[in-house]
Structure formats: C-alpha cells, structure tokens
Amino acid sequence: MLESLGIGPAEEELYADLLANPGSTAGELAGRHPDLPEVLAALRAGRLIREDGGLFSAVPPALVLQTALDARRLELERSAARIRELDQLHRATADPARRAPVEVVPGDEAHERLSQLLAATRYELRALDTPPYGKALEPVDAQPAVLSMARGVRQRIVYNRAAVEEQGLATMHPSLAAGEEARVVGDVPLRLSIFDDRCAALPVQTGRAQTAGLLVVSQSSLLDALIALFERVWESALPLILDETTTADGDPDDERTLIALLAAGMGDQAIARQLGVSLRTVGRRIQRVQNELQAATRFQAGVAVGIQLVEQGRIQGPKRV
C-alpha cells in the first residue's frame with residue numbers, strides 16, 4: 001500500500017507492528033519478521049523508527065509518512081504542470097505527420113489504441129454500437145467501461161437491435177448497472193466511439209470489425225460532423241433501462257426485463273431469445289403487460305411505457321415547435 005512512498009510490504013508490516021507494539025526488542029521482532037536485519041536497516045534509513053536502549057518504536061505517521069506524502073503530492077503536481085506545458089508545445093508545433101485529421105491504425109494495434117483513448121477520457125464517451133465484434137463478447141469485456149464510469153466518465157451508447165440480440169442482457173448488464181445510459185434503434189449508420197470532444201474512432205470499413213483497422217479522427221470539421229451524427233441518432237433512439245432490480249440473465253419471470261426490451265423496440269422473436277422462452281409465452285406475457293397498462297395494442301403499450309419514462313425523467317419528451 002505504501003510502495004509509492006518507497007516503503008515495501010515487509011517494511012510496512014514491521015512499521016505497523018511497532019506502532020501496535022512500541023518498545024519491542026530485536027528478539028521479539030525476529031520471531032515475527034524473518035528478514036528483520038534488512039527490514040530494520042531500511043526503516044532506519046527512512047527514519048521511520050527509533051531505538052532506545054535496545055527497544056524499538058515507530059516514529060508517528062503524522063511526523064514521517066504525512067511529510068513524505070506531501071512531498072510526493074508536490075512532485076506529482078509539478079509533473080502534471082510539466083505535462084500540460086509539453087502538451088501545449090505539442091499542439092502549437094506543426095508536425096507533417098499530424099496535418100491530416102485522420103490517422104489509420106493497423107488492425108493489430110486497434111484494441112490497444114482504443115484502450116488508451118478510453119483511459120484518457122475524462123468527461124464522456126459516446127458510441128454507436130453494432131456488430132461485427134470480431135469475437136464473442138462476455139460480461140468481463142465490459143470491465144474497462146465500468147472502471148471509466150467509476151472515475152466519473154459519463155457513457156451514452158446507442159445500440160442497434162442486432163447489437164442487443166448478439167450481446168445479450170448478461171453481457172450488457174455490468175455496464176448498464178454501473179450507470180451506462182443506453183438506447184436502441186433499428187440500425188445505426190456505422191460503429192463509432194467519441195472520446196470527450198477530442199477524437200473519434202471508427203472501423204476503416206463499414207461493416208467490418210475494428211480488428212480490420214481503425215480510423216482515429218482528431219479535432220476537425222469531420223469530428224464535428226460525427227458528433228452531430230451521434231446526437232441525431234441519440235435523440236431518435238428508445239431507452240434500454242435495466243434498473244438495479246432487473247436480473248442480469250434476463251429472468252423469464254421478470255416483467256421488468258420484458259418491459260425494458262419492449263421499450264427498446266425489440267421484436268417478439270428477439271425477446272424470446274433473450275428470455276429463453278417460447279414465442280407463445282412472450283405473446284401471452286406481452287398481452288398481460290398490455291392489460292396492466294390498459295393498452296389495446298402493443299403500440300399503445302409502448303406509448304404508455306414511454307409516457308411513464310418521461311414522467312420519471314428517464315427520457316425527454318417531445319420538443320415544442
């Protein structure tokens with residue numbers, strides 16, 4: 001835990017021992033710490049312990065560790081300031097390799113580059129998502145997105161229905177449960193990821209997996225157009241909302257999952273596949289939901305769900321003209 005301050009695990013363990021047992025002798029400590037001579041020497045060098053008449057005690061953390069931590073913070077702040085200076089220099093310097101706003105990333109480097117772009121994202125990730133993916137997706141594949149949301153990055157993703165069908169609720173649930181704002185449309189024009197307002201990434205060829213090559217678009221009128229495209233698709237998409245009580249595996253007895261899929265505009269066959277039930281069962285349950293919503297048709301049920309979502313503030317209502 002204290003490696004960043006130059007204190008290894010063995011040193012930290014002995015230091016904590018001395019905080020809990022001040023006035024210990026070398027003999028007492030040797031029974032609990034096999035590498036005592038080397039560890040004691042390291043703590044002495046760091047002025048973390050003191051010896052009085054053969055009795056060892058730890059110097060209070062507020063005196064030594066807090067001072068080291070403050071010095072480390074100051075060092076990091078200076079490094080951050082220097083990085084900002086170097087970044088400004090980079091942006092202000094003409095570079096022939098950076099004249100074009102589009103960079104072509106080879107397929108074997110695409111995954112690493114996308115990981116770097118996500119790690120550098122500070123505010124928001126926006127994406128249009130559609131197959132192919134180049135591999136079968138699993139819940140663990142959502143971990144980078146979950147971690148980015150944990151550090152405050154907002155995520156707005158529009159899936160086409162093919163993406164929802166191929167990934168399945170179990171794969172999508174970790175990111176949705178972590179706070180991802182997801183919507184669904186029948187189709188999206190391309191696969192696209194926008195990182196803050198800095199850059200965007202899309203496959204070299206539409207309909208191909210990103211492992212076939214990647215285009216990274218930097219700040220330019222082209223990036224502005226891609227951002228506008230995303231926002232237009234986002235406004236026309238339907239929300240896919242799985243709340244904290246909705247099961248990750250698409251429990252066939254969970255009406256919340258059914259309503260989420262209905263609100264996303266999924267067809268009966270797609271819902272049946274997600275829930276692992278027959279078409280007849282899906283039809284019967286949709287009829288039950290219609291009855292509960294007092295809707296004569298499936299369309300009216302969808303409208304009723306949409307009104308509920310607007311009233312709950314989950315989506316915006318239509319704009320006045």
Side-chain angles (χ1 to χ4, degrees), residues 1-5 69-70 72-88 90-91 110-129 133 137-159 163-164 167 169-184 188 191-202 210 214 216-219 223-224 226-235 237-246 248 260 264 309-310 312-316:
M1 297 290 291
L2 298 178
E3 287 92 340
S4 61
L5 299 181
L69 180 60
D70 292 341
R72 180 62 173 162
R73 284 175 177 164
L74 179 59
E75 180 183 345
L76 290 174
E77 289 173 359
R78 289 173 176 170
S79 297
R82 181 54 177 163
I83 289 172
R84 289 192 293 270
E85 292 175 358
L86 293 173
D87 184 61
Q88 291 175 355
H90 171 71
R91 294 174 181 271
H111 179 74
E112 180 180 359
R113 185 61 177 276
L114 287 170
S115 298
Q116 293 171 346
L117 292 173
L118 179 59
T121 301
R122 299 177 60 189
Y123 308 110
E124 183 177 29
L125 169 68
R126 291 169 281 186
L128 304 178
D129 194 53
Y133 297 110
L137 297 182
E138 302 175 355
V140 69
D141 293 315
Q143 191 63 18
V146 171
L147 292 176
S148 70
M149 284 184 281
R151 56 185 175 84
V153 176
R154 183 187 184 190
Q155 295 200 9
R156 290 192 289 148
I157 314 295
V158 180
Y159 300 89
V164 176
Q167 293 194 37
L169 295 179
T171 299
M172 300 175 66
H173 192 271
S175 55
L176 290 169
E180 177 186 294
E181 301 170 49
R183 294 190 178 185
V184 180
V188 295
R191 190 171 184 188
L192 172 69
S193 299
I194 303 171
F195 305 91
D196 292 330
D197 289 325
R198 299 179 300 107
C199 63
L202 59 155
Q210 292 174 330
L214 198 66
V216 177
V217 181
S218 59
Q219 291 179 326
L223 178 60
D224 295 339
L226 292 173
I227 292 174
L229 171 64
F230 170 86
E231 296 296 346
R232 178 68 62 87
V233 176
W234 175 261
E235 290 179 2
L238 293 169
L240 177 61
I241 300 172
L242 302 183
D243 61 28
E244 63 276 4
T245 60
T246 304
L309 292 173
V310 171
Q312 296 169 7
R314 309 292 285 272
I315 62 172
Q316 293 183 347

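- The minimum heavy-atom distance between T121 and V153, with the atom names listed, is O-CG2, 3.4 Å.
- Side-chain contact of S148 with Q155: a donor-acceptor pair under 3.5 Å is present, judged by distance alone.
- Between atom CG of residue L128 and atom CG of residue L226 there is a gap of 9.0 Å, rounded to the nearest 0.5 Å.
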Task: Test side-chain contact (heavy atoms from CB on, under 4.5 Å) applied to R73 and L76, step by step - done: CA-CA 5 Å; R73 284 175 177 164; L76 290 174; 5.6 Å; no
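- Taking every heavy atom of both residues into account, A142 and P174 meet most closely at CB-CB, 4.1 Å.
- Checking side-chain atoms of R126 against main-chain N and O of D196 turns up a donor-acceptor pair under 3.5 Å.
- Scanning both residues, A237 and R183, for their nearest heavy atoms gives CB-CB, 3.5 Å.
- For the pair E181 and R154, the tightest heavy-atom approach, listed with the atom from each and the gap, is OE2-NE, 2.7 Å.
- Annotation: cation-pi pair R156/W234 present, NZ/CZ under 6.0 Å from the ring centroid and within 45° of its normal.
- Each of R191, Q167, Q210 was checked for a side-chain hydrogen bond (donor to acceptor under 3.5 Å, both in side chains) with Y133, and the lone residue meeting it is Q167.
- What you find for V158 and V188 is that their closest heavy atoms are CG1-CG1, 4.1 Å.
- When all heavy atoms of V216 and C199 are compared, the pair lying nearest together is CG1-CB, 4.4 Å.
- Between the OG atom in S175 and the CG atom in L147 there is a gap of 12.0 Å [rounded to 0.5 Å].
- Between the CG atom in L117 and the CG atom in L214 there is a gap of 8.0 Å [rounded to 0.5 Å].
- Taking 4.0 Å as the cut-off between side-chain N and carboxylate O, R72 and E75 count as a salt-bridged pair.
- In this structure, CD1 in I157 is found 10.0 Å from CG in L192, a value given to the nearest 0.5 Å.
- The CD1 atom of I194 sits 8.5 Å away from atom CG of L125, with the distance rounded to the nearest 0.5 Å.
- In the displayed structure, E112 atom CD is contacted under 6.0 Å by at most 12 heavy atoms of other residues, nucleotides or ligands.
- Of the inter-residue distances, the one linking I227 atom CD1 with D197 atom CG reads 4.5 Å to the nearest 0.5 angstrom.
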